[in-house]
Amino acid sequence: HQDGDLIMFSHQIPIITFWKKGNKFVSILRGHISDITSICFQCNVGFAVTGHSDGYASIFSIDPFRFIRTINTNSNLPINLIRISASDSN
């Protein structure tokens with residue numbers, strides 16, 4: 001997934017890496033331990049989310065890069081689609 005100059009990759013092992021355009025390594029993050037089936041992030045929101053094969057989702061901060069928490073969706077089905085939506089509550 002790409003947002004601006006930042007690119008996010010998931011791997012078969014449950015880690016994600018962030019790179020900047022021009023092949024510059026930024027960070028590696030680990031969350032939940034099952035296979036990653038979907039990823040999404042938005043720089044303007046400051047969060048990244050990964051969906052996993054066992055129905056869990058992991059949430060990460062991307063400023064600074066760190067794991068925040070895992071959420072159990074109470075489903076054993078893979079999460080195949082993630083969307084991050086920011087709302088303006090002014």
Side-chain angles (χ1 to χ4, degrees):
H1 185 87
Q2 183 174 345
D3 188 4
D5 288 339
L6 195 61
I7 303 168
M8 178 181 176
F9 290 98
S10 67
H11 303 269
Q12 189 170 11
I13 55 174
I15 63 170
I16 55 175
T17 54
F18 288 89
W19 298 78
K20 285 199 175 193
K21 284 185 180 176
N23 207 26
K24 183 180 179 213
F25 174 76
V26 177
S27 183
I28 187 169
L29 294 172
R30 301 176 199 280
H32 189 61
I33 59 172
S34 68
D35 293 342
I36 295 171
T37 54
S38 57
I39 60 174
C40 186
F41 80 99
Q42 288 186 332
C43 290
N44 63 329
V45 177
F47 291 100
V49 180
T50 57
H52 298 273
S53 60
D54 60 359
Y56 280 76
S58 296
I59 302 172
F60 304 88
S61 169
I62 58 173
D63 187 23
F65 290 94
R66 65 183 173 87
F67 171 75
I68 296 175
R69 69 175 296 171
T70 298
I71 297 173
N72 182 350
T73 63
N74 295 318
S75 168
N76 292 328
L77 300 174
I79 297 175
N80 295 316
L81 179 65
I82 294 176
R83 180 176 171 208
I84 297 173
S85 178
S87 65
D88 186 6
S89 58
N90 289 337

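To the nearest 0.5 Å, the span separating OH on Y56 from OG1 on T73 amounts to 8.5 Å. Going from atom CD1 of I39 over to atom OG1 of T50 covers 8.5 Å, rounded to the nearest 0.5 Å. Atoms CD1 and NZ, from I7 and K21 in turn, are 7.0 Å apart once rounded to the nearest 0.5 Å. Annotation: the span from D54 atom CG to N76 atom CG amounts to 7.5 Å, rounded to 0.5 Å. In this structure, CZ in R30 is found 10.5 Å from OG1 in T17, a value given to the nearest 0.5 Å.
A donor-acceptor pair is defined here as one N or O able to donate and one able to accept, closer than 3.5 Å; no such pair exists between the side chain of S75 and the backbone of G55. Panel note: side chain T37, backbone G51; a donor-acceptor pair is recorded below 3.5 Å. Looking at S27, its side chain never comes within 3.5 Å of a backbone N or O of F18 through a donor-acceptor pair.
I68 and I36 fall into different hydrophobic clusters, defined by Ile, Leu, Val, Met, Phe, Trp and Tyr side-chain heavy atoms under 4.5 Å apart, directly or through other members. Cluster membership for L81 and V49, using ILVMFWY side-chain heavy atoms within less than 4.5 angstrom, is not shared. Cluster annotation: M8 is not connected to V45 through the hydrophobic network of ILVMFWY side chains, with a link wherever side-chain heavy atoms come within less than 4.5 Å. Put simply, I79 and I84 are part of the same group of oily side chains (I, L, V, M, F, W, Y) that touch within less than 4.5 Å, one to the next. Both F67 and I16 are members of a single hydrophobic cluster when ILVMFWY side chains are connected at heavy-atom separations under 4.5 Å.
Put simply, the side chain of S58 reaches to within 4.5 Å of the side chain of T70, judged on heavy atoms. For the pair H52/D35, no side-chain contact is recorded, criterion being any heavy-atom separation below 4.5 Å from C-beta on.
In this structure, P14 and I33 approach most closely via the heavy-atom pair CG-O, 3.4 Å. Residues I62 and F47 come closest through the heavy atom pair CG1-N, 3.9 Å. Residues F65 and L29 come closest through the heavy atom pair C-CD2, 3.8 Å.
With a 6.0 Å radius and a threshold of 12 heavy atoms from other residues, nucleotides or ligands, D63 has its CG atom at or below the threshold.
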